[in-house]
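Read the structure below first, then the notes.
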Amino acid sequence: MSETTHDSDAQIAYGRTEWDDYHHLPTNTGLTNEKVTMWAFLGSDCLLFGALISTYLLLRNRVGPSTTGPTAADLFDIPFTSVSSFVLLMSSLTMVLAVTSIQRAEMERCKLWLLTTAGLGSIFIAGQVYEFTSFYREGLGFTTNISSSAFFTLTGFHGVHVSLGIVMLVTMWALVSGGQLGPERAETIEIIGLYWHFVDIVWIVIFAVVYLIP
Amino acid sequence: MAITEERPEILELESGDTSTSTGAFARPTNASGWRAWVFTVDHKKIGIMYGAVAMFWFLWGGVEALLIRAQLFTPDGTVLTAEQYNQIFTMHGTTMVFLVIMPLAAAFANYIVPLQIGARDVAFPRMNALGLWIFVFAGIFLNLSWFLGGGPDGGWFAYAPNTGVTYSPGAGMDFYALGLQIAGIASLVGAINLIVTVLNMRAPGMTLLRMPVFTWMIFVVQLLLLFALPVITVALILLSFDRTFDANFFNVAMGADPLLWQHLFWIFGHPEVYILILPSFGIVSETLPVFSRKPLFGYSVIVISGAAIGFMGWGVWAHHMFVSGLGPVGVAAFSATTMFIAVPTGVKILNWIATMWGGNLKFTVPMMFSISLVSMFTIGGLSGVMHSVAPADTQQTDTYFIVAHFHYVLFGGALMGLFAGMYYWWPKAFGYKLNESLGKWHFWILLVGFNMTFGPMHIVGLQGMARRHSRYGPEDGFDFWNAVVTIGAFVILIGMIVFAVNIVRTWLGYKAGTVPQEPADPWDGRTIEWAIPCPTPEHNFDYVPVITDVDDFWHKKYQPDENGKLRKVADGNEIAQKGDQNPHLPSPSYWPIVLASALPLIALGLIYNLWISGIGLLLLLGAMYGWSLEPATDPDAGHGDHADEHGPDDDDSPGDEASEITEEAPVV
Amino acid sequence: MSPRIPISTEVKSLEMTKSQSVMSRLLRLLPLLLGSMLIASCASGRIDPTDPVGDNAKQIDGIMRLSGYMAAAVGLFVAGAVITAIVKFRERPTDDPNELPKQIHGNRKAELTWTLIPVFMLVFLAIVTIPTVFDLSSKSDGRTIKVEGQQWWWQFSYDVDEDGVSDIVTANEIVIPVGEEINLDIRSNDVIHSFWIPQLNGKRDAVPGRVHSWRISSPVPGIFYGECTEFCGLSHANMQMRAVVLTDEDYDEWVREQLTPANIPAAAAAKSGYDLFGRHCVSCHVINGVYESAADGNANLTSGYAPNLTHLMTRTSFAGAIFELYEEDGSVNIADLKEWIRNAPGQKPSRPENRQGMISFAETLSDKELDDLVTYLMTLGGPPPLMPS
Amino acid sequence: MNTVAVSEEETHDEHQDHGLSDVGYIKIALLLAVLTAVEVATYFWDFGVLEVPSLLILMVVKFQIVVSYFMHLKFDSKVFTYIFVTGVILAMVVFAAMGTSMVFWQNPSGCDLSAYC
Ligand code: HEA
Ligand code: HEA
Ligand code: CUA
Ligand SMILES: [Cu+2]
């Protein structure tokens, strides 16, 4: 530190601006840090699911000398999965309604839609649990063959994502109910909504390429 | 998701010098001693800790390298058993890549980027601390394997099925898979944090194309990490599931194709090598202009080529698989894409030379390391182009010719650049310069030792010496050069000891007053981190700088006179900020380190006993809960106009500033 | 600018501090050192890819040299430029510290030049490379030999009568006739290995679950050395192989001998060894004609395979070609062979407890028994058609 | 690069435009439901060669709709679009290349991948 120059007021400190305080600095993009964070995370997650889905697609029909048991695709129950896919799809609608209602400061509605969304998500998870157990009963466990390992890993990871989303939704519901989260923080709900919709579009892809395309 | 609950720290960093309780426990105070480090959320302290821990692992990775070299000093070496050798080279590669170069780059990214963009901290300081501690625990976890039955023994790219339980029954590969998974989480957290920081927290006027090149390169690297890490995450998940839960992903008897692992690993692995080199490219893009006293030649070209390298790096991964059986179409395609990555890299090299050309070169230590990056990396890059010729690579792959290539780019490139950065920014971080003449000894010994170590590897490689061989025979004719290589490695050790001596001596000297404190701008710097005192005050900037130019600080010092000739109009040290304003301190927190410590527990449990995982999981959940109850900055610190808006019971992170910001018209 | 500034100039230019000048005096010794190193390095080994013999290897060598010269040219240019810059533009004591060098921010033409020149060079390189890739991966109309890698040795199988069943199974030494482009079907029985005989061709991975084709040929008879180059676990360093290239007559003779099954020996010691073999070894090893029980693979090893020993003595080496089977005078290397049978894991790192590699018989067999076993093994064919020189 | 031009490269006037009304979202959801129904129909009726392409198209359309409307990407800052679309496209291109190389680009003389050999 150049002590010698300290008292000279001819010197201006480099970079003095009319904001002498960080408190009033906007972000450069005008976007909040949290929302950029969530989108960055979702961009990253695309590659996670990209890798899992392509792994499944590459492995689903592979057999070796010790392969036994059916493939996952042999056991698909399309009508059943269609219903649970539909449920998850509709939960995206209720999610968006939760966001619009908190933006309009309609807290009661917001709570309702949050819970509905979490509920629909739970139905989806229940469906998945049912699917897994029925596969298991039909002789397709996680370790049975290569297609089952790949299938359970892919859908399991999606299920974990959904479950995390449910936890977040219920937390949000609790916060809104407790009055700790008001309309001024609608963006928090919006960000969780982004996550929820992302999980939904991943399922849109899985439903089409894993379940429907033979 | 804790991530979303963080709030924009930049808006409010308040004095944490208090122990008032908020959240679940009393908050740590900012006091001093080790607590000031362990619970800190300050990007500068975090940066320094990243660096220190990485240097420790460098020592360890170096010891492993020396053991490798001792074994290969003579034919049929007997220093190590084959088993030890395999574990040691695996851990040497893994350590150097994941525990040395990446965290060293993270050290600079953390310390320097906020300063270069004029920010008070990164976007999410607690997340930043979390990343650091996860990385620390990942390193410890990986190396725990040495004490629990032996290190991983599958090579750093761990080709399946050799890494499955059938062929690698020890726990080593589990430590590898889970340890890298943990390290990956650290990098992902850090990457997102820095992306947000660079996007959102630049000083007014600092458009993307006024950003210093170092910040640019770090930004590109974080994007690469963001998109590359999930791929290795999946690969490691598949491997762990195979090993731990008997899945069949790499079980050939079940019809697995081992190439799947190779693809997944290298889809990550190749972007990874650019993750390793680009920070150093950024560093020399800062130092070369400063010590040539000329602006960077082709600023925008260098930035764009950096981004282009990052982008093209996604299309070349299979050049690591030229002999794996890709088939000629794939081999030809990847061979061609690989070649063309030399173009943007070459553009950078030539722009650096053009920066020096016609300059007024000062051979300070950082400059010498920077020049050695330019020349040594080129050698490594050119051997890379020789590998990209796929038919030729069928003779080169898995020989020491490859080992020579990647040490030239990693040591001669990445590490030389990082050393340049250390000497260059040392005064900014610690207030004094490292001794220049010891630095020159360090440099010359290192340069000689480096070329002695890795230069001859080209020769033995072309003569057919295969890598990852724990021995070679006397009849192979490799003895002479291997002896030279081993001696070279010990020369490197001497060089590094000189460096360590330099660090300790200058530090002691500084404390004793014989080593002078540096003013704000000791090198006649160009970017705004030199516009604040050395060492950086805890709050970074007194005032937000307004940026009007690339190399903004330099333009404040040098302006054209009436003839249009550039003249020095101000002394950097005098116009620099004084560091005597607004001591806003970020509030420290227990939670990052607590949360991070849960991860190795969970992983250990996956290897030994799921109950341990359960404990880890509880710890994780508890820490997340405590974390979210704790406001990002201590409201009781009683500073600022927002303190009253959210009292202690406002237990989730308030987002009001955020909405406030968007209401304010963006500054135009 | 000249790219050939001698090193000493660079050094002088950097002489600014005392420490440096000491260093630079050391550096001036460098050429001397380099010279002596070059002489020493001429002693190249027996596995040298820079001394190609086979057509494929020669083709590769050509393109490798081309890329090497290109790289060297670029490297010399860059080195020249860097050194010139260091020498010419270094700060001199006479420089006015207030005088700035000319501030140049860039130059579009220069950027374009050093983008386009590399592009042209690389387009050229790609044009040469791509056809070569396809060339080298085509099949020839020569005979096909099956190559199998396993921890940590190689097996070669010949289907002489082309009925789809292997007639000759041998280990570690692939015997081929001179001048013929042999097709290899490369497989693995456990982890990934890589087949490499550098003087004949580049390498090709042996990946379990896949068959990779590759070609080798040699215009001259002789023994060529190679090794496994994909990390395959503990004894990766000890998994070598040889290609024995024979004249057509020798090759036919070799085939004839290989097709002859083994006999039960008559002499006492050998008979005793034969019996011991039946007791201890047949669970893994096959000897055609007498011990075929283990037939095609067995459960004692993760790979399921141990070397077929029917014509052991026609090989020049054993155990992943790391031990010579014959002394230089042509007598059998009894010592190593006996030591191998006594304690294989002691001779070559392996993990028999994990079913990787041959088990130790140090506890099981007496010295006498070992001698008998070796005596028996010595009846199994031989001597080899070619000996290493 | 002269005066204090403290501007950003991105402008955010679109930012104010906050998506659709609730009714709008319900309509979108109905559309999605219909598209899903069509998808499921391919399971019950045979669409012949059209089946795979039509499923893929439907999938992309649904994806696009959810991202644009439910996730507001259509109305929100372009920064988000850049980040997210980079991820989506990288994933598609990279894994498509990996997949095709593992399935189609095999060594012509090598064995067919779907069979163990
Ligand atoms: C910092 C890390 C780093 C960097 C930057 C690079 C850069 C490059 N690498 Fe390297 N590479 C590694 C780290 C790195 N590599 C590692 C760790 C491995 C081994 C992994 C393992 O197996 O363990 C590896 C392996 C590796 C292989 C596989 C070899 C094998 O196993 O068979 C190949 C093959 O193509 C390759 C190519 C290249 C190329 C073409 C570049 C290019 O980016 C280089 C471009 C630069 C230049 C070319 C020099 C400057 C250019 C000019 C002056 C312009 C003019 C030039 C021309 C016209 C030629 N690398
Ligand atoms: C950045 C990466 C990096 C670095 C710096 C190094 C450094 C070194 N490497 Fe490394 N190496 C790799 C990355 C790296 N390596 C990788 C990825 C592999 C492949 C692994 C695999 O095949 O799986 C490899 C493989 C590898 C091999 C091949 C092994 C084999 O295939 O069998 C060899 C052999 O010689 C080798 C040697 C060395 C040597 C002698 C050094 C020396 O330069 C080391 C010198 C360092 C020291 C001696 C430490 C000195 C430090 C101090 C004294 C600390 C000072 C402290 C303070 C200042 C605080 N390395
Ligand atoms: Cu077999 Cu290496
Ligand atoms: Cu690469």
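Below, chains carry the letters A, B, ... as their sequence lines are ordered, and counting in each starts from 1.
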Query raised in the report: Quick one: are C/P101 and B/S292 in side-chain contact, heavy atoms under 4.5 Å?
Result: no
Query raised in the report: Side-chain contact, heavy-atom cut-off 4.5 Å: B/I349 with C/W114?
Result: no
Query raised in the report: Within the side chain of C/H236, is there an N or O that forms a donor-acceptor pair under 3.5 Å with the backbone of B/A82?
Result: no
Report task. Please report the closest heavy-atom contact between B/L382 and C/A71, naming both atoms and the distance. Result -> CD1-O, 3.4 Å
Report task. Without swapping roles, check the side chain of C/K203 against the backbone of B/V323 for a donor-acceptor pair under 3.5 Å. Result -> no
Query - Heavy-atom side-chain proximity of C/E91 to B/F291 below 4.5 angstrom - result: no
Query raised in the report: Checking B/F157 against chain C: side chain, backbone, both or neither under 4.5 Å from a heavy atom?
Result: side chain
**Report entry** CA sep, side-chain torsions, deciding dist, call: B/D398, C/F231, side chain to side chain contact (heavy atoms under 4.5 Å, CB included)
**Finding:** CA-CA 9 Å; B/D398 282 315; C/F231 181 66; over 6 Å; no
Query raised in the report: What part of B/S470 is in contact with chain C, defined as an atom under 4.5 angstrom from a non-hydrogen atom: side chain, backbone, both or neither?
Result: both
Query raised in the report: For C/N107, is it the side chain, the backbone, both, or neither that has a heavy atom closer than 4.5 Å to a heavy atom of chain B?
Result: both
Query raised in the report: Does the side chain to side chain contact (heavy atoms under 4.5 Å, CB included) test come out yes or no for B/V385 and C/L125, once each step is laid out?
Result: CA-CA 10 Å; B/V385 172; C/L125 197 59; 4.1 Å; yes
Query raised in the report: Does any non-hydrogen side-chain atom of B/Q262 lie less than 4.5 Å from one of C/I192?
Result: yes
Report summary line: Whatever's closer than 4.5 Å to a heavy atom in chain B on C/E230 counts as both
Requested in this report: Find out whether C/N354 and B/Y167 are in side-chain contact, i.e. whether some heavy atom of one side chain is under 4.5 Å from a heavy atom of the other.
Outcome: no
Query raised in the report: Do side-chain atoms of B/K294 reach the backbone of C/Q103 as a donor and acceptor pair under 3.5 angstrom?
Result: no
**Report entry** Heavy-atom check, side chain of C/F77 versus side chain of B/L350, under 4.5 Å
**Finding:** yes
Query raised in the report: Considering only heavy atoms, which portion of C/N56 lies under 4.5 Å from any heavy atom of chain B: side chain, backbone, both, or neither?
Result: neither
Report task. State whether the side chain of B/R293 and the backbone N or O of C/P97 hold a donor-acceptor pair below 3.5 Å, judged by distance alone. Result -> yes
Report task. Could you tell me whether C/E99 and B/K565 make a salt bridge, using a distance below 4.0 angstrom between a side-chain N and a carboxylate O? Result -> yes
Query raised in the report: Less than 4.5 Å apart, any side-chain heavy atom of C/F89 and any of B/M356?
Result: no
Report task. May I ask you to test the C/R355-B/T166 pair for a side-chain heavy-atom distance under 4.5 Å? Result -> no
